2 protein chains.
Amino acid sequence: MPAASSERIAARDPVTSARVLDGALTLFAERGYHGTALSEIAGALGVRTPSLYNHMRSKHDLLEAIIDATTAGVLEDFHAVRDAGGDPADVLFRAARVYAYRHATHRREALVVNRDTSSLDEPVRSSMQARRREHEHALRAVIAAGVEQGVFVVDSPALASFAIRELCVSIARWFSEDGPLTADQVADQYAGFALRIVGVQPTSTAS
Amino acid sequence: MPAASSERIAARDPVTSARVLDGALTLFAERGYHGTALSEIAGALGVRTPSLYNHMRSKHDLLEAIIDATTAGVLEDFHAVRDAGGDPADVLFRAARVYAYRHATHRREALVVNRDTSSLDEPVRSSMQARRREHEHALRAVIAAGVEQGVFVVDSPALASFAIRELCVSIARWFSEDGPLTADQVADQYAGFALRIVGVQPTSTAS
DNA sequence: CCCCTCAACTAACGCTAGTTAGTCACCGTA
DNA sequence: TACGGTGACTAACTAGCGTTAGTTGAGGGG
């Protein structure tokens with residue numbers, strides 16, 4: 001009767017740096033970086049705290065790794081979408097869609113980035129915030145282009161791009177894989193919201 | 001030469017419980033509850049850490065006070081708006097407007113509520129989350145009513161109400177009193193976005 | 001003029017955090 | 001079978017946290 005391997009589900013697979021990162025991700029997303037102790041991450045992996053140091057350099061490094069990978073991925077997504085071309089409505093739809101999709105499929109990463117980027121220390125924090133700004137400005141440029149062409153109607157492209165970005169970000173705060181809607185469906189709906197915000201009524205609202 | 005009273009600006013006014021709460025609010029919003037030490041709050045007030053206990057019961061109490069007052073205020077706002085009557089588009093506009101306005105004028109409170117409600121302990125946390133759900137459901141009911149009357153067009157009232165609420169919440173993350181737009185202007189714009197999300201093109205988009 | 005209160009202080013406590021050092025068992029390979 | 005490396009462990013350290021105790025000085029009312 002091997003009773004107590006029930007601490008968390010996968011307690012006795014080999015511990016790797018990937019699994020440490022994943023455990024940190026889950027707990028950082030749940031309780032925040034400062035609210036999570038290494039002992040909790042260790043406990044989730046069925047291991048004592050110092051053993052973590054065989055697979056990571058420091059707690060802070062885990063945070064950096066998570067935020068670095070995630071912000072880089074966001075920009076990558078966006079550039080792929082923009083380079084595929086199309087008119088502003090197409091680009092905005094696809095940019096919002098991929099951003100929304102990411103926040104449904106990578107909830108934990110998104111929560112950590114949005115909550116704990118401010119806990120990075122200095123050279124890194126600024127460069128992560130610069131990535132966020134780059135995405136922000138790029139999206140704003142798409143909206144401004146649409147306004148110039150007369151297909152979008154907004155008073156302030158900056159305001160609209162804030163709204164659309166944060167709209168997508170918020171998906172991470174409620175989405176569940178077990179819910180009634182798939183990530184794809186939610187992403188489609190939210191991309192539709194994005195178009196509505198800039199004054200475009202999408203041709204089809206049916207599912 | 002009384003050199004060093006430059007720690008923060010208002011260092012030598014009498015310390016009151018209101019000022020302690022305000023200092024905590026600022027720092028919790030900046031660094032998060034777990035990321036803020038009492039010594040930092042004390043330092044901002046020009047006082048040693050234990051002196052804070054003349055004006056508060058515990059660090060945790062500060063958090064509770066902030067979140068309790070804020071969530072109560074949100075519901076109060078909403079009920080006032082709903083009780084004023086009107087058709088669903090009117091109610092939705094005004095509900096979004098007041099919610100957005102609050103997030104522009106009470107940024108710090110909003111940031112703390114959204115980041116650190118999970119750090120409350122148990123009887124209180126659930127009741128604060130219940131308040132959030134109450135607001136959520138009430139807003140959803142307004143949208144559902146609009147859909148039934150055929151003035152709103154959305155696939156899922158739940159999705160739309162999530163979107164609108166989080167849209168307003170996000171204002172706290174970028175708004176600045178020194179920016180180009182006043183809280184009133186931002187609230188108007190965002191309330192317009194809310195109507196667009198549910199498929200209503202507002203009659204006037206001009207400022 | 002004394003005394004009481006209020007709010008600041010210093011000192012210290014208990015605890016927990018992140019991290020390091022040093023040890024030991026296992027396991028694949030020579 | 002001996003060996004080397006990998007990765008777990010225990011023990012321990014330092015630093016910082018929130019909090020309490022006890023003290024001191026200033027201000028106001030009898």
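All chains are named by letter (A, B, ...) in the order of the sequence lines, taking the proteins before the strands, and each is independently numbered beginning at 1. In this text, all values refer to a predicted model and were calculated from it rather than measured experimentally.
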Taking atom C1' of D/dT19 as reference, at what distance in whole Å does atom CG of B/Asn54 sit? 13 Å

Checking C/dT19, C/dT10, D/dC17 against the side chain of B/Ser39 (C-beta onward), the nearest is D/dC17

When rounded to whole Å, the CZ to P distance for the pair A/Arg57 and C/dG18 reads 17 Å

Gap between atom CZ of B/Arg165 and atom CH2 of A/Trp174 - 0.5 Å precision: 12.5 Å

Please report, rounded to the nearest Å, how far the C1' atom of C/dT19 is from the CG atom of A/Leu52. 11 Å

Nearest whole Å is fine: how far is C/dG18 P from A/Leu27 CG? 12 Å

OG of A/Ser58 to CG of A/Leu38, rounded to nearest 0.5 Å, is 8.5 Å

Whether the B/Ser156 and A/Gln189 side chains hold a donor-acceptor pair (N or O, under 3.5 Å, no angle test) is what I'd like checked. no

Winner on side-chain proximity to A/Pro50, out of C/dT20, D/dG7, D/dT19, is C/dT20

Between D/dA12 (P) and A/Tyr53 (OH): distance, integer Å: 19 Å

Look at all strands and tell whether B/Ser17 reaches a base, only sugar-phosphate, or nothing, counting heavy atoms closer than 4.0 Å. nothing

Quickly work out the A/His34 NE2 to D/dA15 P distance and round it to whole Å. 19 Å

A side-chain contact here means heavy atoms from C-beta on lying under 4.5 Å apart; do A/Leu139 and A/Phe78 qualify? yes

Side chains of B/Arg132 and B/Glu136, heavy atoms from C-beta outward: is any pair under 4.5 Å? no

Rounded distance in Å - CD1 (B/Ile41) to P (D/dC17): 11 Å

When all nucleic acid strands are considered with a 4.0 Å heavy-atom cut-off, which category describes B/Thr16: base, sugar-phosphate, or nothing? nothing

Touch check for A/Thr49, heavy atoms < 4.0 angstrom, all strands: base, sugar-phosphate only, or nothing? base

Of the candidates C/dC9, C/dA8, D/dT10, the side chain of A/Arg48 sits closest to D/dT10

Any base atoms under 4.0 Å from A/His55, or only sugar-phosphate, or nothing? Heavy atoms, all strands. sugar-phosphate

Looking only at side-chain N and O atoms, does B/Ser51 come under 4.0 Å of OP1 or OP2 in C/dC9? yes

Between P on D/dG16 and CD on B/Glu40, what's the gap in Å once rounded to a whole number? 12 Å

As a test of reading the structure: which of D/dT19, D/dG7, D/dC9 is closest to the side chain of B/Lys59, going by heavy atoms? D/dT19

